[in-house]
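The structure under discussion appears below in the form of structure tokens.
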Amino acid sequence: MPRAHALLLESIHVSAHEELTRSGVAVHTHNGGMVDTQLIEALRALPGDVPLMVGIRSKTRVTAAVFEAEPRLVALGAFCIGTDQIDLAAARRAGVVVFNAPFSNTRSVAELVLGEIIMLSRQIFPRSQACHRGEWRKSATGSHEVRGKTVGIVGYGHIGSQLSVIAESLGMSVIYHDIVPKLPLGNARPAESLEALLRESDFVTLHVPDTEFTRGMIGAGEIACMRKGAYLINASRGKVVDIPALRAALDEERLAGAAIDVYPVEPAHPGEPFVSELRGLDQVILTPHIGGSTEEAQASIGREVSTALGTYLLHGSTTGSVNLPNIDVAPLREGGCRIINVHRNVPGVLSAVNRAVAESEVNVTGQSLGTIEDVGLLIVDLALGGEDPKARELCHAIAGLPTSLRTRIL
Ligand code: NAI
């Protein structure tokens, strides 16, 4: 019998199957997405009294109905970056852990930005387009090496710091601005302020999240601070840059060019037209939000999320979960077992659990508790094998407490 069943939708990368199979999970696949009712039916059809897991990408919306309908469902993997398609609060209230893959495409974005820095600096796109039209625009004017130039990185997180390392390897000087203090990698140094970064950089590249503080953070005033002939790159989130202000700076040739991967409004599907004020400018590289879209990133997402699912299944660790307390526990001791209990976070839960433990007369070897809003996660290690009737009875007693949401024994 498998340890669990996983239903993977939306053609999730094969690396996920391999990783889950290694954890003893029976993997079932479905190429497209599913609506709630289909998903509930598909989960119900999975056999046995073992935990269930679901893997989705961005197309499948998972609502409260799914979490409430299937008590065997313990975990959901979002094999993508965003989790907007999931009712995370409902998952939390049902005790279902959700994992995503926020960093699997970091390298892909950093490489794209580095490529764009070189392409912009050498005017590759307008010259290539000219060649396609049969024109021979051979000239050194306006083309530069990137060695010795300054790249200003706004947002020195995973992508920003990765870019910092590879830009330095080309001989670029790196400065950065972040709202939290960050360790400078290599010879990079923090700029005194955003304004100082804008004034000093030949290339300004944005790697901040979409927050109320970053929306519109690069507007007319900030663009006016940039060096004449500098370049702006945005592969972060579309609303960070004021596009009309950017267009004006490009029209007036205050900026030499830009590379934009993300937009305030993006087509929802490939058939929908792409509308942008930046279309038609040959010094602007426009890409369709593909910064993180590589086969390597897809494979990495498959591994990252399924490793998190497997670790939760085998050990109970929730590190990286987006909706339950993050608890990192060591693998189970030989001859011991572990009860994983997700419960409503109300007064008296721990004493009720500990009463059940005391009544069972089982020795506890470790206990971890974490809470988040209205839900708590309790991990109890026992000095008994998981097949021992006393351990099973105790698990049953804890599962039966009115506060318990999801309880299982490893
Ligand atoms: P991260 O969370 O690792 O780093 C973001 C950094 O921005 C953090 O260091 C944070 O402190 C900093 N920050 C936040 N607010 C700031 C502000 N107001 N001013 C200055 N710094 C600020 O995120 P990661 O993984 O590096 O991603 C960065 C961005 O790239 C995100 O918006 C993400 O959505 C986007 N992204 C785009 C992709 C694409 O396909 N184009 C693919 C992957 C990520």
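Just follow the structure's listing: the first ligand is 1, and inside any ligand the first atom is 1. Values reported hereafter were calculated over all heavy atoms of this structure, with side chains retained and with hydrogens, waters and symmetry mates removed.
Note that the CD atom of Q283 and the CG atom of L278 stand 9.5 Å from one another [nearest 0.5 Å].
Ligand 1 is approached by V208 to a heavy-atom distance shorter than 4.0 Å. Within the 4.0 Å heavy-atom shell around ligand 1 one does not find Q162. Not a single heavy atom of T211 sits under 4.0 Å from any atom of ligand 1. Taking 4.0 Å as the cut-off, I81 does not count as a neighbour of ligand 1 on heavy-atom distance.
When each atom of ligand 1 is checked for a heavy atom of M217 under 4.0 Å away, the hits are 19 (N). Remark: ligand 1 atoms within the under-4.0 Å shell around heavy atoms of H289 are 39 (C), 40 (O), 41 (N). Contact atoms of ligand 1 toward R237: 32 (O), 34 (O) (distance under 4.0 Å to a heavy atom of the residue). Against a heavy-atom cut-off of under 4.0 Å, G291 is close to the following atoms of ligand 1: 39 (C), 40 (O), 41 (N). Distances below 4.0 Å separate heavy atoms of N105 from the following atoms of ligand 1: 42 (C), 43 (C).
Between H5 and H28, the ring planes lie tilted relative to each other; the angle falls in the 30° to 60° range.
Summary of contacts: the protein heavy atom closest to atom 28 (C) of ligand 1 is H207 O, 3.4 Å. Closest to atom 18 (N) of ligand 1, if we only count protein heavy atoms, is T214 CG2, 3.5 Å. When hydrogens are left out, the protein atom nearest atom 2 (O) of ligand 1 is H158 ND1, 4.8 Å; that is the closest non-hydrogen contact. With hydrogens left out, the protein atom closest to atom 10 (C) of ligand 1 is D178 OD1, 3.4 Å, a heavy atom. The shortest contact between atom 35 (C) of ligand 1 and any protein heavy atom is with S236 O, 3.6 Å. Looking from atom 14 (C) of ligand 1 to the surrounding protein, the closest heavy atom is P209 CD, 3.4 Å. Nearest protein heavy-atom neighbour of atom 41 (N) of ligand 1: D261 OD2, 2.9 Å. Atom 37 (C) of ligand 1 has as its closest protein heavy atom A235 O, 3.2 Å.
Between T63 and D87, the side chains place no donor N or O within less than 3.5 Å of an acceptor N or O (distance only, hydrogens not considered). Counted by atom type alone, Q123 and D282 present zero donor-acceptor pairs between their side chains at under 3.5 Å. For the 3.5 Å distance criterion, the side chains of Q85 and T60 fail to qualify, holding no donor opposite an acceptor. Using modelled atom types and a 3.5 Å distance limit, the side chains of T141 and S139 yield a donor-acceptor pair. Residues S164 and Y156 bring a donor and an acceptor atom of their side chains to less than 3.5 Å of each other. Judged purely by distance below 3.5 Å, without hydrogens or angles, the side chains of H13 and S15 pair a donor atom with an acceptor atom. Under the 3.5 Å distance criterion, with hydrogens and angles disregarded, a donor-acceptor pair is assigned to the side chains of T205 and H207. Side-chain contact of N341 with T407: a donor-acceptor pair under 3.5 Å is present, judged by distance alone.
The only member of S368, S321, S317 that meets side chain to side chain contact (heavy atoms under 4.5 Å, CB included) when paired with I327 is S368.
E222 is linked by a salt bridge (charged side-chain N to carboxylate O under 4.0 Å, His left out) to nothing, counting only residues two or more places apart in sequence or in another chain.
R22 has no carboxylate O lying under 4.0 Å from a charged side-chain N of E18, or vice versa, which leaves the two without a salt bridge.
Of all the listed residues (G292, G157, P102), G157 holds the heavy atom that lies closest to atom 6 (C) of ligand 1. Of all the listed residues (I159, I179, V180), I179 holds the heavy atom that lies closest to atom 20 (C) of ligand 1.
By the 3.5 Å distance cut-off applied to N or O atoms, F213 is not counted among the residues near ligand 1. Here's the thing with K182: one of its N/O atoms is less than 3.5 angstrom from an N/O atom of ligand 1.
Screening residues 286-303 for salt bridge (Lys or Arg N to Asp or Glu O under 4.0 Å), with sequence neighbours left out, gives no hits.
Taking a distance limit of 4.0 Å, we find that atom 23 (O) of ligand 1 is approached by no protein heavy atom.
By the criterion of a heavy-atom distance under 4.0 Å, the side chain of V109, and not its backbone, is placed next to ligand 1.
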